[in-house]
Structure formats: structure tokens, C-alpha cells
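Heads up, the thing below is written out as C-alpha cells.
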Amino acid sequence: AQSVTQLGSHVSVSEGALVLLRCNYSSSVPPYLFWYVQYPNQGLQLLLKYTTGATLVKGINGFEAEFKKSETSFHLTKPSAHMSDAAEYFCAVSGNNDMRFGAGTRLTVKP
Amino acid sequence: NAGVTQTPKFRILKIGQSMTLQCTQDMNHNYMYWYRQDPGMGLKLIYYSVGAGITDKGEVPNGYNVSRSTTEDFPLRLELAAPSQTSVYFCASSYQDLAKNIQYFGAGTRLSVL
């Protein structure tokens, strides 16, 4: 079975500052890892995903994440936050046709 | 390009009433899913379908039923609504299995059971 822990239900950064959203996973099989973003009153949209190969994955809107097997982590980063990045972010892990989502991290960006 | 369309967007039910949440996708995806999203809990999978005529339970199926008569449609049925079913419901679809493939989500149905 898979599970995901997102550290920090709320993260607040200033515009232009580094964004770091933390995700740790547990999986009994090689994991596939995802980050989704949810804007208010909308469904989830894929930011990026890791399946195999390069461990540093680049996604949309300047976000990237690094798969670290030794740390069972898949943290999401962006060098410089923009006001439009304010949203809720979900980490997810899948394997054996079962996908599990984390509880989400709400990102606030201060002017 | 409509993608995944859910109706209605909002609904208030009384305890014991029944309703069907509609979901349709126009991407010819084989796989479809229903999730519920509760505050601070992330998304929980209710049911999923790997193709027309095939459905299976997810993590939290109790109190719900689904059917998949066509590739496009995957309705979710609540037979006897309970307050515990107050939630936001999302339908999603993917081309192949969710392990590797992107899921495309609808905008959600916000349901309150009073």
C-alpha cells in the first residue's frame, strides 16, 4: 500500500521568495509520484510527475521536484514565488493501480 | 475542448434523499474515477472504472454506487444521503492506468446533506 505525508498544511512566502513544499511517501513498489495544484473552486491540475529516469523533474509554471529514494521524498520547489502561485498543492503516489493523495498544503504568497 | 464535465456544481440534500452526480468526458479515456475531498484530508478514491461495463471499489465506497455503460459517462449514485457524505466530489479520467498517466479532473460538485 502507498501513503503520502505532506509536511505543513499551510505555507506562507513573500513574493519573489523560494517556495518549498515537502512531501514524503511510503510505497511497497517502485513509486510513481505526482504534484497537483488546485485553484479555488476548480479541479486538480497536474504540475509534474516522476515515473522513471531523471530524478529532477521540471513541471509547469517554473516548478520542479526531486525524487530522493534514500529519503523517500519528493519535495516541490520554485525559485521565486509569484502571486498567481497561491493555491493548494497535493502530492500523490501511485503503484499497483492505487493512487493516494496527501492532505494538501495551502500556499499563500504575500506581496 | 470540454475535458471532464461534472453536473451539478452545487446541491443541497436532505437526509435520506437520493441523487446522481453526473460525469462525462470527451477525451475517449478508458479510466474514470470518483473522489471525495474533505477539508484537511486530501482526496479519497470512492470508485473507479477501467472501461465500459467494469467498475471497482476504491478506498471509501460505502454509501455509493456507480455504473459505466459508455466510455464517456460515469455517474455516481447516493441512495440514502447522510451528513457524512457532505463533501466536494471530483470526477477524473485518464487514458490508461493511473500509475503513469495524468488524471484530468472536473471542476467538482459541492454537496451538503442536512
Side-chain angles (χ1 to χ4, degrees), chain A residues 1-11 21-53 57 59-60 67 74 76 87-106, chain B residues 1-10 21 23-25 27 29-51 54-61 87-110:
Chain A
Q2 284 75 237
S3 67
V4 173
T5 301
Q6 290 185 239
L7 301 173
S9 58
H10 292 88
V11 170
L21 305 182
R22 299 178 187 274
C23 172
N24 288 89
Y25 70 90
S26 171
S27 178
S28 57
V29 297
Y32 299 115
L33 296 158
F34 305 79
W35 275 100
Y36 282 86
V37 60
Q38 183 181 31
Y39 299 103
N41 300 315
Q42 294 187 26
L44 279 68
Q45 304 171 36
L46 183 73
L47 271 180
L48 50 81
K49 66 174 182 177
Y50 168 80
T51 53
T52 58
V57 180
I60 62 172
F67 170 60
F74 191 57
L76 182 70
E88 188 144 19
Y89 292 79
F90 292 92
C91 182
V93 61
S94 74
N96 290 338
N97 212 31
D98 179 32
M99 178 172 273
R100 299 298 170 104
F101 286 83
T105 297
R106 183 169 299 278
Chain B
N1 188 355
V4 179
T5 303
Q6 291 182 238
T7 56
K9 294 190 185 312
F10 304 95
L21 281 66
C23 175
T24 187
Q25 52 93 7
M27 296 174 283
H29 285 168
N30 292 324
Y31 286 66
M32 296 187 74
Y33 318 85
W34 274 106
Y35 293 91
R36 60 177 288 169
Q37 183 182 30
D38 300 307
M41 299 293 289
L43 276 73
K44 303 288 187 184
L45 182 65
I46 304 171
Y47 272 94
Y48 68 98
S49 169
V50 302
I54 307 170
T55 62
D56 208 346
K57 297 178 180 179
E59 192 179 353
V60 289
S87 188
V88 181
Y89 292 84
F90 288 100
C91 179
S93 71
S94 66
Y95 178 57
Q96 292 178 335
D97 70 271
L98 54 78
K100 295 184 183 179
N101 284 268
I102 302 168
Q103 289 185 284
Y104 294 85
F105 284 81
T109 295
R110 188 174 297 274

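Protein chains get the first letters and strands the later ones, always in sequence-line order, with residue 1 at the start of each.
- Here the side chains of A:Gln2 and A:Ser28 are in contact, with some heavy-atom distance below 4.5 Å.
- Put simply, of B:Arg110, B:Gln6, B:Glu59, B:Lys9, the one with the most heavy-atom pairs under 4.5 Å next to chain A is B:Glu59.
- Partners of A:Tyr89 by ring-ring contact (aromatic ring centres under 6.0 Å, His included), not counting sequence neighbours, listed by chain and number: A:Phe63.
- Proximity to chain B is limited to the side chain of A:Leu46, based on heavy atoms less than 4.5 angstrom apart.
- Not counting sequence neighbours, the partners of A:Arg106 by the side chain to side chain donor-acceptor pair (under 3.5 Å) test are A:Glu88.
- Looking at A:Gln38, only its side chain comes within 4.5 Å of chain B, counting heavy atoms on both sides.
- Judged purely by distance below 3.5 Å, without hydrogens or angles, the side chains of A:Thr5 and A:Asn24 never pair a donor atom with an acceptor atom.
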